[in-house]
Trainee: 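Mind having a look at this structure? Questions to follow.
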Amino acid sequence: MRLSSLFGVTLREAPAGVESASHQLLLRAGFVRPIGTGLFAYLPLARRALVKIEHVLREELSAIGGQEMQLPVVLPAELAGAAGAEAARFTDRKARDLALAASWEAAIAEVVRSEIRSHRQLPQLVFHVQSQFRDELRPRAGLLNAREFTALQAFALAADDAGMQAQYGALREAWLRAFRRCALPVIMVEAGMGDAVAHRFVYLTPEGEDEIVACDACGYAADRRAATFRKPLGNAEPLRPIEKVATPDAKTIEALARFLAIPRRKTAKAVFLVATDDAAEGRQARFVFVVIRGDMEVNTAKLAAALGTTDLRPATDDEIRAAGAEPGYASPVGLAEQIHRSPLPVVVVVDDAVPASPNLVAGANVPGYHLLNTNYGRDYTAHIVADIAAAGEGDACPRCGAPLRLTQGVAVGRMRWLSASYAEAMRLAYRTADGASRPVMMASAGVGVSRLLACIAEAHHDDNGLIWPPSVAPYGVHLVALAGRDGDALAKAEALYRDLQRAGIEVLFDDRAESPGVKFADADLIGLPLRVTVAPKSLAAGGVEFKRRDAEAREIVPLGDAVEHARRMLDQMAAEVEAGAWHAL
RNA sequence: CGGGGAAUGGCGCAGAUGGCAGCGCGCACGGUUUGGGACCGUGAGGUCCCGGGUUCAAAUCCCGGUUCCCCGACCA
């Protein structure tokens, strides 16, 4: 490709308000253009890189028996896989409800039901690559969190747990190999809530919005939403009688602990939320009264899982009062008498550390007063007792007890082992050898292809521009011609351009009448792995100049050896990627 | 949806107190340059986000709306 005719130009300055390196550089280097909030046009350079990434993923999936298929972007609304506001819904002219697919699990289940009948058809691994739309509340950081993105979704099917175990392991290794080949360092983190098996593949970066807790001592790493930790339990001590004390202005746990001169772990706080998804199904929304120790925070993802809901929002002060509680001084004690006054059904959820912590200070449900020595079981009970606390910086690792570290990252891939009950709900069954009907085991796994592109850009760049690993670079060679007065260098560059292409090497040829400074700056910005310069100066030195984008060294190679040398250097770089040398951050 | 900012040639920005719409970069043409975003000259390019209002006069002031960006809750 000639740079003079490439569709898409480089920009000297990035548009205002662009923060992340990947977003800025992909814009400046002419890879993407914004079309709307969270919506992007992929220009030819980006498209080529995406094709390379998809190629890597296809190879790895094929290697473990994956077969590519395709599912539609538009699905009947009930199969579209997104709840509530994040689904982009519409109706066709016959008023049928349709939606842009936000996930294909339900759709693939539909297909599986009709195709898979016998144990002889299992196991199976199918995947597809498709444009996916999700109406994100707030897209940001360019391609790292766009509303429309390219997703690869894979579905593993197996006859039983053992078969799924093998499939799941194979997928995990395929993902890890693919990320390695893309030169993206990722860590695998636990993402399964409770007994569920799920993992995410995370590229650690402050630009990411996924919170990860990690243990440096034993290697435990988990998505914060699913992370557990060892809770410091209360000392065994005799239960003391409740005592009402005045605590003026102590509306926060912080203020309360200071006022009473006690550690926060000796307090219980009340948190109020409203589960609204039920309302959508015609049932009434639920008011959720949460009791958790004052030294812990509620993890809404765990809470949602415990409640069997997906849609939780903080309650308003009015709703709290309507439920019979006093904001800032709410108490679980005496709640039973209050509940019947609430306009919404009330669910009381208590974190499992509370019953194990005697004599906690809780609100008195009267402004300015708290109760000393409240005890779960004696003074109040809950509908649900579960682990609903968020693990955070410094909490004890659930495996080894060492302090956990809280970091951020971007999830580029995920895997989820779907439960047998999912298969049963979807009526996915097959016949065993002896004629019995069994549920088909399913696992779903995905990679955000366009997000992966952005992560690679985020991981591999310097002040001057992008530094593409050869496996995903839009072209292997950036050929720069610096025209001399006599035009000799330009003619030789043209010839080399032709020879490189004939040798099957992908070349971007800068044949423009620009100054050397502009050409080198653009070459650095676009970031192809290998730069080859043909100039009067290089010819005088005996040939053409080779320079790796990721290194400073330059070398002159005789013109006649240039094609062979380019191939060797690209092979060399590819080998380095395979060996993991590009993984260093 | 809550809170904060912004909208002026393609991009980045300036445009107190209302009074000819500007600068840098980019773009086009001519010339001089050719190893790190060169120089000279000429030129094109504007619904100052949209709609209403105040005024002799609005990019500027007022009202309403739209879009975008940043901070929180959702996500590959």
Side-chain angles (χ1 to χ4, degrees), chain A residues 9-20 23 27-28 33-39 81-87 101-104 129-154 175 191 200-203 208-211 223 225 273 300-301 304 310-314 316 409-416 444-455 464-465 480-487 489-490 512-525 531 533-541 545 547 554:
Chain A
V9 297
T10 57
L11 307 173
R12 283 204 185 192
E13 305 172 85
V18 172
E19 298 296 331
S20 73
H23 191 194
L27 285 168
R28 285 225 291 137
R33 293 291 179 251
I35 289 289
T37 303
L39 302 172
E86 71 173 13
S103 153
W104 283 272
V129 181
Q130 187 62 273
S131 218
Q132 187 167 344
F133 179 86
R134 220 171 266 177
D135 193 2
E136 299 293 335
L137 291 171
R138 191 157 96 77
R140 70 189 104 187
L143 298 189
L144 284 178
N145 198 37
R147 285 197 294 175
E148 194 255 358
F149 53 97
T150 306
L152 182 150
Q153 289 210 331
W175 270 193
R200 289 158 83 85
F201 298 82
V202 177
Y203 165 62
E209 29 192 280
D210 271 34
E211 293 187 303
D223 190 298
R225 286 173 294 190
L273 300 104
T300 50
T310 55
D311 211 350
L312 275 178
R313 63 166 173 83
T316 63
V410 179
V412 288
R414 40 150 280 264
M415 297 174 52
R416 191 151 64 107
S444 141
V447 168
V449 180
S450 47
R451 177 179 273 186
L452 181 49
L453 177 83
C455 285
N464 296 324
V480 176
L482 296 184
R485 206 178 301 265
D486 53 10
L490 190 55
R512 299 173 303 171
E514 291 288 349
S515 69
V518 170
K519 292 191 169 196
F520 289 137
D522 277 347
D524 286 347
L525 185 54
R531 189 182 80 193
T533 308
V534 185
K537 190 171 150 185
S538 73
L539 292 172
E545 178 192 272
K547 177 183 175 298
R554 301 150 190 231

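Numbered from 1 within each chain, the chains take letters A, B, ... in sequence-line order.
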Trainee: Is A7(B) in the syn range, within 90° of 0, or in the anti range?
Mentor: anti
Trainee: Rounded to whole angstrom units, what separation is found between the CD atom of Q132(A) and the C1' atom of A76(B)?
Mentor: 7 Å
Trainee: Mind checking S450(A) for me? I need base, sugar-phosphate or nothing, with any heavy atom below 4.0 Å counting as a touch.
Mentor: nothing
Trainee: Now, which nucleotide makes the Watson-Crick or G-U wobble pair with A58(B), with each of the two distances under 3.5 Å?
Mentor: none
Trainee: Give me the distance, rounded to whole Å, that separates C74(B) from A59(B) when you measure between the P atoms they each carry.
Mentor: 45 Å
Trainee: State the CZ-CD distance between R414(A) and Q153(A), to the nearest 0.5 angstrom.
Mentor: 5.5 Å
Trainee: Taking atom P of G36(B) as reference, at what distance in whole Å does atom CG of L525(A) sit?
Mentor: 18 Å
Trainee: For A73(B), give its Watson-Crick or G-U wobble partner with both distances under 3.5 Å, or none.
Mentor: none
Trainee: Under 3.5 Å, is there any donor-acceptor pair linking the side chain of E514(A) to the base of G37(B)?
Mentor: no
Trainee: Which is true for R414(A) with a 4.0 Å heavy-atom rule: it touches a base, it touches only sugar-phosphate, or it touches nothing?
Mentor: sugar-phosphate
Trainee: Hey, could you give me the CG/CZ distance between L11(A) and R33(A), rounded to the nearest 0.5 Å?
Mentor: 4.5 Å
Trainee: If I pick the C1' atom on G30(B) and the same atom on U17(B), what distance separates them, to the nearest angstrom?
Mentor: 46 Å
Trainee: To the nearest Å, give me how far apart CZ (R531(A)) and P (G36(B)) are.
Mentor: 11 Å
Trainee: Per the side chain to side chain contact (heavy atoms under 4.5 Å, CB included) rule, which among L143(A), T150(A), V412(A) passes with R451(A)?
Mentor: V412(A)
Trainee: Between C11(B) and C48(B), how many Å separate the two P atoms, rounded to a whole number?
Mentor: 16 Å
Trainee: Please give the distance between the C1' atoms of G31(B) and A21(B) as a whole number of Å.
Mentor: 31 Å
Trainee: For the side chain of S515(A), starting at C-beta, report the closest nucleotide among G37(B), C75(B), A38(B).
Mentor: A38(B)
Trainee: Pairing check on C68(B): which nucleotide meets the Watson-Crick or G-U wobble criteria with it, both distances under 3.5 Å?
Mentor: G5(B)
Trainee: What is the separation between atom OH on Y203(A) and atom P on C75(B), rounded to the nearest whole Å?
Mentor: 23 Å
Trainee: Is there a Watson-Crick or G-U wobble partner for G43(B) with both distances under 3.5 Å, and if so, which one is it?
Mentor: C27(B)
Trainee: Could you tell me which nucleotide pairs with C48(B) by Watson-Crick or G-U wobble geometry, both distances under 3.5 Å, or answer none if nothing does?
Mentor: none
Trainee: Across the strands shown, which category fits A535(A) at heavy-atom distances under 4.0 angstrom: base, sugar-phosphate, nothing?
Mentor: base
Trainee: Using a 4.0 Å heavy-atom cut-off, does V518(A) contact any base of the nucleic acid, only the sugar-phosphate backbone, or nothing at all?
Mentor: base
Trainee: Rounding to an integer number of Å, can you tell me how far L11(A) CG sits from C25(B) P?
Mentor: 16 Å
Trainee: For U60(B) versus G52(B), give the span between their P atoms, rounded off to a whole number of Å.
Mentor: 14 Å
Trainee: Will you find, in the side chains of S103(A) and R134(A), an N or O donor that is under 3.5 Å from an N or O acceptor?
Mentor: no
Trainee: Is A146(A) touching bases, backbone alone, or none of the nucleic acid, heavy atoms closer than 4.0 Å?
Mentor: base
Trainee: I'd like the P distance from A16(B) over to U33(B), given in whole Å.
Mentor: 45 Å
Trainee: Among G24(B), C75(B), A76(B), which nucleotide has an atom closest to any side-chain atom of F149(A)?
Mentor: A76(B)
Trainee: Are any side-chain N or O atoms of R28(A) and backbone N or O atoms of R12(A), one a donor and one an acceptor, separated by less than 3.5 Å?
Mentor: yes
Trainee: Using the side chain to side chain contact (heavy atoms under 4.5 Å, CB included) rule, pick out the option among L482(A), N464(A), L525(A) that qualifies with F520(A).
Mentor: L482(A)
Trainee: Taking all non-hydrogen atoms of both residues, which atom of G409(A) and which atom of V202(A) are closest, and how far apart?
Mentor: CA-CG1, 3.6 Å
Trainee: Starting at the 5' end of RNA chain B and moving along, which residue's nearest nucleotide shows up first, E211(A) or V447(A)?
Mentor: E211(A)
Trainee: Side chain of E13(A): nearest nucleotide among G36(B), G12(B), G37(B)?
Mentor: G12(B)
Trainee: Judged by each residue's nearest nucleotide on RNA chain B, which is more toward the 5′ side, E148(A) or D522(A)?
Mentor: D522(A)
Trainee: Considering only G37(B), A76(B), G35(B), which nucleotide approaches the side chain of R12(A) most closely?
Mentor: G37(B)
Trainee: Could you measure between the two P atoms, the one in A14(B) and the one in G46(B), and give it in whole Å?
Mentor: 22 Å
Trainee: Once you apply a heavy-atom cut-off of 4.0 Å, does R33(A) come out as touching a base, just sugar-phosphate, or nothing?
Mentor: nothing
Trainee: If the C1' atom of G4(B) is compared with that of G22(B), how far apart are they to the nearest Å?
Mentor: 30 Å
Trainee: Is any side-chain N or O of E209(A) under 3.5 Å from a base N or O of C74(B), one able to act as donor and the other as acceptor?
Mentor: yes
Trainee: Expressed in angstrom and rounded to an integer, what is the separation of K547(A) atom NZ from G35(B) atom P?
Mentor: 18 Å
Trainee: Measure from CD1 on I35(A) to C1' on C68(B) and round the result to the nearest Å.
Mentor: 14 Å
Trainee: Do any N or O atoms from the side chain of K519(A) and from the backbone of A481(A) form a donor-acceptor pair under 3.5 angstrom?
Mentor: yes
Trainee: Within the 4.0 Å heavy-atom criterion, would you say R512(A) contacts the bases, only the backbone, or no part of the nucleic acid?
Mentor: nothing
Trainee: Using whole Å, report how far CE of M415(A) lies from P of A76(B).
Mentor: 14 Å
Trainee: Which of the following nucleotides, A76(B), G35(B), A38(B), is nearest to the side chain of T533(A)?
Mentor: G35(B)
Trainee: With a 3.5 Å cut-off and heavy atoms only, can you find an N or O donor on one side and an acceptor on the other between the side chain of R28(A) and the base of G12(B)?
Mentor: no
